[in-house]
Amino acid sequence: MSLNVLGAISPAAAGGDGEGFHAPTPAEFYQPLIGHGDFAITRPMVVLAISVALIAWFLVATTKRAAVVPGKGQWVTEGAYNFVRNGVARDIIGSHDFLRFVPLLFSMFMLILVNNLFGVIPPIQYPTMSRIGFPIALTLLVFVIYHAVGIRKNGAWGHIKHMIPPGLPKGIYVLIIPLELLTYFVTRPLTLALRLFGNMFAGHMLLLLFITGGEYMLIHGGIGLKAAGVGSFGMAFVLTAFEALIEFLQAYIFTLLAATYIAGSLADEH
Amino acid sequence: MTGNIAILGYGLSAIGPGVGIGLIFAAYINGVARQPEARGVLQGIAILGFALAEALAIFGLVLAFVFK
Amino acid sequence: MQHFTGITQVVVAAAAEDKTGERLPILPLWGELIFGVIAFAILYWVVATKVVPNLEKAYAERTAAIEGGMQQAEEAQQQAQAALEQYQAQLAEARAEAARIREEAREQGAAIVVEMRGHAQAEANRITEAAHKQIEAERQQAVVSLRSEVGRLSTELASRIVGESLEDETRRRGTVDRFLAELEAGNIQPEKVGEGA
């Protein structure tokens, strides 16, 4: 099991060469399969490719002949689609022009959800989003889209002016303008990407720690440590269930915030 | 004992957002308990506030990695 | 607490193999970033062109089906309402017709009764008139006949009386009785006395 979870864990931790326990490190998330450096084909890339193929196949297969009375597959797809379309897009963006953004939000939600769930699904057990490159890629798209939408609606200058709340005393604007610009151009994209990354990264790290630690204690420890190792494995199971919840929640939050930012750019009044 | 003091920094930075998120969801639960029909509206606001508060903890995490 | 020493040792070990793994986890691999954008673009294309239109079409069809069903039901109801109204109109018409016919019949009956009564009255009058005339005629005839009879009888009687010598009571009585008897027997022929009287 540990091999599955860890993938290419360093041999020191698995083999136990007498140097003591080696806690998992961020470096273990870097798992190149072909080549090395910036443009290596890494394991998360393969996972992402598999997830895209899987999602595309499932969605197309279940909606190719979308019927008025849905079948089982279509029912599942429609459940997720309804959740994003009505629960997120329509509620946040408003019923006037939410339909334009439904494909974006739906594909984003599905991609993040499936990739996050890969973090606990046994044969893969690697959350793609724990590599910062992928959250940044998605955030970059959201960033570009919510600015593009705002500029198309209000013009470039109007979009900038739209960010600043009107009707405040003149003196406060000195403080407000940098803060608002910082929010729109730095804080929002940064937190959007880092929230997803941080949750997946920390959650997976936690699972790694409990499982490798439990294994080490079971193999190398005395009686007391063996008991602690069993407890450690138990915690790993509990945390796996908790992770599944977090993974869904993060997909939802990412989509919700993307919709909120787009709605903010589209809104008439500040 | 060796280690990275940046981790302590992250621990400290997680206190504030932890309290804040607790307050946000306490208020959310209160609101829904008083007016169950307002759940849809409150949920979006609660998640948004949660995200904003969490941003601080995320900055702490980032800085813990940056100043190693 | 000695775990932290472990961290640094593994990091050092990893660094020896490949410098990329040692990089801060919040700095992206360019390959992963670009691959992420491409992968999302592919998924977005599939969803936007193949999935969402089909689902929206199904939604629209479902809405149309529900609205169509409601419209159909409304139409059926309207038809039923129209049929009911038509039926009620026909019923009212029939009732009016029946009432009219009944009224007509009553009027006709009354007219017939009046007419018949007139006829009957006329007939009765005619019959009464005829009876009166006949009675009058018979009375006249009887008077005439009686008058001639009485005359003849009177002359007869007078001739008898005058012809016989009325000597005694007995004979006189006898004569009268004989006359009466003859009269009863019908032997006395009526004679024309009218020329004498």
Check: Counting heavy-atom pairs under 4.5 Å to chain C, which of A:Ile55, A:Val52, A:Thr62 comes out on top?
Finding: A:Val52
Check: Which heavy atom in C:Pro28 sits nearest to a heavy atom in A:Ile136, and how many Å separate them?
Finding: CG-CD1, 3.8 Å
Next item on the list: Flag yes if more than 12 heavy atoms outside C:Arg100 fall under 6.0 Å of its CZ atom; otherwise flag no.
Entry: yes
Item checked: Residue part contacting chain C, namely of A:Phe29, when any heavy atom lies under 4.5 Å -> neither
Notebook entry, point to check: Contact part of A:Leu141 toward chain C, heavy-atom cut-off under 4.5 Å: side chain, backbone, both or neither?
Noted result: side chain
Next item on the list: Please state whether the side chain, the backbone, both or neither of A:Asn115 comes within less than 4.5 Å of a heavy atom of chain C.
Entry: neither
Next item on the list: Counting only heavy atoms closer than 4.5 Å, note whether A:Ile41 contacts chain C via side chain, backbone, both or neither.
Entry: neither
Next item on the list: Quick one: pull up CG in C:Leu33 and CD1 in A:Ile132 and give me the separation to the nearest 0.5 Å.
Entry: 9.0 Å
Checklist line | Other residues, nucleotides, ligands: >12 heavy atoms within 6.0 Å of C:Gln71 CD | finding: no
Note to self: For A:Thr42 and C:Glu32: C-alpha separation, side-chain torsions, deciding distance, then whether side chain to side chain contact (heavy atoms under 4.5 Å, CB included) applies.
What the structure shows: CA-CA 8 Å; A:Thr42 57; C:Glu32 287 181 349; 2.9 Å; yes
Notebook entry, point to check: Side chain, backbone, both or neither: which part of A:Glu78 has a non-hydrogen atom closer than 4.5 Å to chain C?
Noted result: both
Item checked: Residue C:Lys57 versus chain A: region with a heavy atom under 4.5 Å -> neither
Margin query: Just so I understand: if I count every heavy-atom pair under 4.5 Å between each of C:Val37, C:Thr63, C:Val51, C:Ile34 and chain A, which residue has the most?
Written below: C:Val51
Margin query: If you compare all heavy atoms of A:Leu99 against all heavy atoms of C:Glu56, which two are closest, and at what distance to 0.1 Å?
Written below: CD1-OE2, 3.7 Å
Checklist line | Toward chain A, the part of C:Val46 with a non-hydrogen atom under 4.5 Å | finding: side chain
